[in-house]
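These numbers come from a predicted model, not from an experiment. We name chains A, B, ... by the order of the sequence lines, and we start the count at 1 in each one.
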Amino acid sequence: METPGRQATNRDIAERLAFMARLLGIAGEDRYRLAAYERAARQIDRLSFPVAGLDEEELTRIPGIGDRIAGQIHEIAATGTFGELVGLQATLPGSLVELLDIPGVGPRTLHVLYKRLGIQSLDDLEQAVKGHRIRALPGFGAKKERAISRGIRQFRQRSDRMTRPQADGVLASVAALFMDGEYVAAGSYRRGSSTIGRLEIVAAEDRDALADHLSSAGTVTRESAERISLSVAGAEVNVRFTETGRCGTALLCATGSCGFLARLGEVAFARGYRLGPDGLQDTSNGRLHTFSSEEEVFSFLGMAAIPPELREDRGEIDLALQNALPDLVDLSDVRGDLHAHTTWSDGRQSLDNVAEAGDARGYEYIVITDHSSRVRPEALAKQQAEIERTNRRHTCRLLAGSEVDIKSDGTLGYENRVLADLDVVIASVHSGFAQDQDVLTRRVLTAMENEHVDIVGHPTGRLIGRRPAYAVDLLRVMKHAAETGTALEINASPHRLDLEDIYIWHAKKEGVKLAAGTDAHRSGEFANMRYGILLARRGWCTPDDIINTLSLSALLEWAS
DNA sequence: GCCGTTTTCGGCCCGACTGTTTTCAGTCG
């Protein structure tokens, strides 16, 4: 645990405190004590200065840190951990903590499972479910047992694919090894996929000179003349080497997808060439044509250059041959953000922070969409007045909106007279995820029939790697969206990315408009718009399909 | 455990939903 010579970072300290909170929960301690550790951990993680150097008196001046936790932070800074944590850890099996990540299993539930049934691991829990031992516990029943069973299934299905920010993190640690501009991230990363399995890198550098550097960044798992595979922080990274003059085909082949490359290979073959990473080989005389850019390859084959996001073999090759590819939306077409939270609900940013972020991004507007469940109608009226005042200080115009709950009985979180005063209304499902398809779908359809609802937020509710989509029938939703003129959201949070590309593509075909929104809870998250636009491009969207490419006046007219 | 006092103990963010103990506790966002 102790790392001599390295000062504990705020993250290190926050992790210890958050871990303490989890252990206290399992041990059945007072929930407010547990919440105090969680709060302290969040607070430390958010601070911009390192706390390891502060003395205890200075530490207690931080809100949420009292004498006790100050002493523990001091101890963590000195030794890497703290005695009380170690002591508590010794009384609990190590495998227990991860069970808290099972949906439906919170600290109280886990405490009872451990104390009454001696459950220590995922396997133990699964056995207890199978043996119907959970429903027999006081305070538990058959439904709770089934909920845990469902939770275990979801937990086991968690994918090990990286989210885009995770991939960016891995890329950053590898990129430090390359010279500027001498490498490109290819593969599904470059195609803009919402999750990434393996990071493919094409490097136009000398392989042998780089090999040593690469082995210092991670464990080398495979090595050949053309490539080196590494494991970096548990992620698979594949580096392929090429020369500047052959980058075109090397990048094309490394970007994929399989289906796309197979189809493109057929096109090349029909013209008398064999496509490979080194170039196009003339099948009649074996002569190799090399290309330094992808554009040259496409042009040589007599087709328009296909953007990486379209390379999925969904008909793009035929269109490229007819020079009829869609003119895809670009990040620079975006004039505003349609989904943002503030401290009025669960966001960490003020209205001013949002407007500043909008100014910095050159936006014409950002819609403030705090949760209806957290803002009473009277407070919403106050917020609207505050928005007016904020707008006097900024170029970017804040619009009054709401993310109104579609409640489990299908009604909305605000009455119509409240919704009528808002510029833009997003309606979202935040509860009743386990409802069956028809009930859930009808909730969404009913919400769309409300004349004030402009957008359906995160239409499937999935959380990447953590929660599957709820059972909504998207085809019915799309048809009804087209009929009612309701837009469907492309939620650009890298943890949601909802709608997924294929549904965006369907929605566009149905004539449904799409609304790209970051769901930003803090100002740094407005930059996530790039993920949403990648997804829109993968769904073949042009600027016309995306309502936040509209000017402010056109948007207000659309929403009215 | 922290905080703010009506300064040494009582309240802690909160609403929706779910399941169960059918009135409240646990989970979630």
Notebook entry, point to check: So which pairs with a foot in residues 161-172 of chain A pass side-chain hydrogen bond (donor to acceptor under 3.5 Å, both in side chains), sequence neighbours left out?
Noted result: A/Arg161-A/Thr195, A/Thr163-A/Gln166, A/Asp168-A/Tyr189, A/Asp168-A/Tyr531
Notebook entry, point to check: On DNA chain B, nearest-nucleotide positions of A/Val105 versus A/Lys144: which is more 5'?
Noted result: A/Lys144
Next item on the list: Can you tell me, in whole Å, how much space there is between the C1' of B/dT6 and that of B/dC13?
Entry: 24 Å
Next item on the list: Please state how far atom CD1 in A/Ile65 lies from atom P in B/dC3, giving the value in whole angstrom units.
Entry: 8 Å
Margin query: Show me the pairs that pass ring pair (Phe, Tyr, Trp, His ring centres under 6.0 Å) and involve residues 442-486 of chain A, at least two apart or across chains.
Written below: A/His430-A/His458, A/Phe433-A/Tyr470
Check: Roughly, in whole Å, what's the span from CD in A/Gln154 to C1' in B/dT27?
Finding: 14 Å
Item checked: Close side-chain approach of A/Val477 and A/Asp473, heavy atoms under 4.5 Å -> no
Next item on the list: List in numerical order all residues of residues 418-450 of chain A for which some heavy atom is under 4.0 Å away from an atom belonging to DNA chain B.
Entry: A/Ser431, A/Gly432
Check: To the nearest angstrom, how far is A/Ile134 atom CD1 from B/dT20 atom C1'?
Finding: 16 Å
Checklist line | Interatomic distance where CD1 belongs to A/Ile406 and P belongs to B/dA16 [whole Å] | finding: 16 Å
Check: In whole Å, what is the span from the CD atom of A/Glu145 to the P atom of B/dG26?
Finding: 19 Å
Notebook entry, point to check: What residues form a salt bridge (Lys or Arg N to Asp or Glu O under 4.0 Å) with A/Lys508, not counting sequence neighbours?
Noted result: A/Asp545
Next item on the list: Using the C1' atoms only, state how far B/dT20 lies from B/dT27, rounded to an integer number of Å.
Entry: 14 Å
Margin query: Suppose you measure atom C1' in B/dC12 against the same atom in B/dT5; what distance do you get, rounded to whole Å?
Written below: 14 Å
Note to self: Show every ring pair (Phe, Tyr, Trp, His ring centres under 6.0 Å) that has at least one partner inside residues 58-111 of chain A, sequence neighbours left out.
What the structure shows: none
Margin query: Contact between A/Tyr503 and A/Leu488 at the side-chain level, heavy atoms closer than 4.5 Å - yes or no?
Written below: no
Checklist line | Residue matched to B/dT8 through Watson-Crick or wobble contacts both under 3.5 angstrom | finding: none
Next item on the list: Give A/Arg467 one of three labels, base, sugar-phosphate or nothing, depending on what nucleic acid heavy atoms sit under 4.0 Å from its own.
Entry: sugar-phosphate
Note to self: Using the C1' atom as the point on both nucleotides, what is the distance between B/dG1 and B/dT8, in whole Å?
What the structure shows: 15 Å
Note to self: Under the rule for salt bridge (Lys or Arg N to Asp or Glu O under 4.0 Å), what residues qualify as partners of A/Lys479, not counting sequence neighbours?
What the structure shows: A/Glu510
Check: If each of A/Leu463 and A/Lys407 is mapped to the nucleotide of DNA chain B with the nearest heavy atom, which maps nearer the 5' terminus, i.e. the 5' end?
Finding: A/Lys407
Next item on the list: Output yes when at least one side-chain N/O atom of A/Arg376 is less than 4.0 Å from OP1 or OP2 of B/dC14, else no.
Entry: no
Check: Within this structure, what is the CD1-to-C1' distance between A/Ile62 and B/dC3, rounded to whole angstrom?
Finding: 15 Å
Notebook entry, point to check: Among all residues two or more places apart in sequence or in another chain, which pass the salt bridge (Lys or Arg N to Asp or Glu O under 4.0 Å) test with A/Arg335?
Noted result: A/Glu364
Next item on the list: For A/Ser431, check side-chain contact (heavy atoms from CB on, under 4.5 Å) against everything at least two apart and list the hits.
Entry: A/Ser408, A/Arg443
Note to self: As a test of the definition: with a 90° window around 0 for syn, would you call B/dT8 syn or anti?
What the structure shows: syn
Note to self: Under 4.0 Å, heavy atom to any atom of DNA chain B: which of residues 107-121 of chain A qualify?
What the structure shows: A/Pro107, A/Arg108, A/Thr109
Note to self: Side chain of A/Pro103, heavy atoms from C-beta onward: which of B/dC17, B/dC28, B/dT20 has the nearest atom to it?
What the structure shows: B/dC28
Margin query: What's A/Asp405 touching, base or sugar-phosphate or nothing? Going by heavy atoms closer than 4.0 Å.
Written below: nothing
Next item on the list: Check whether any side-chain heavy atom of A/Ser428 lies under 4.5 Å from a side-chain heavy atom of A/Glu403, and answer yes or no.
Entry: yes
Next item on the list: Find the distance A/Asp346:CG to B/dA16:C1' and express it as a whole number of Å.
Entry: 14 Å
Margin query: By a 5.5 angstrom centroid cut-off and a 30 degree plane limit, is there stacking between A/Tyr32 and B/dC2?
Written below: no
Next item on the list: Select base, sugar-phosphate, or nothing to describe what A/Gly413 touches, counting heavy atoms under 4.0 Å on all strands.
Entry: nothing
Next item on the list: Go through the structure and list residues passing salt bridge (Lys or Arg N to Asp or Glu O under 4.0 Å) with A/Arg476, not counting sequence neighbours.
Entry: A/Asp438
Item checked: P atoms of B/dT22 and B/dG15, separation to the nearest Å -> 25 Å
Item checked: Rounded interatomic separation in angstrom, taking CZ from A/Arg135 and C1' from B/dT18 -> 17 Å
Check: Heavy-atom contacts under 4.0 Å between residues 33-41 of chain A and DNA chain B, which residues?
Finding: A/Arg33, A/Ala36, A/Tyr37, A/Arg39
Next item on the list: Output all residues satisfying side-chain contact (heavy atoms from CB on, under 4.5 Å) with A/Glu145, sequence neighbours left out; order by chain, then residue number.
Entry: A/Val129, A/His132, A/Ile134, A/Arg135
Check: Of all heavy-atom pairs between A/Val418 and A/Leu422, which one has the smallest distance, and what is that distance?
Finding: O-CG, 3.9 Å
Margin query: Give me the distance, rounded to whole Å, that separates B/dA16 from B/dG11 when you measure between the C1' atoms they each carry.
Written below: 23 Å
Next item on the list: Determine: side-chain N/O of A/Arg68 to OP1/OP2 of B/dG1, distance under 4.0 Å, yes or no.
Entry: yes
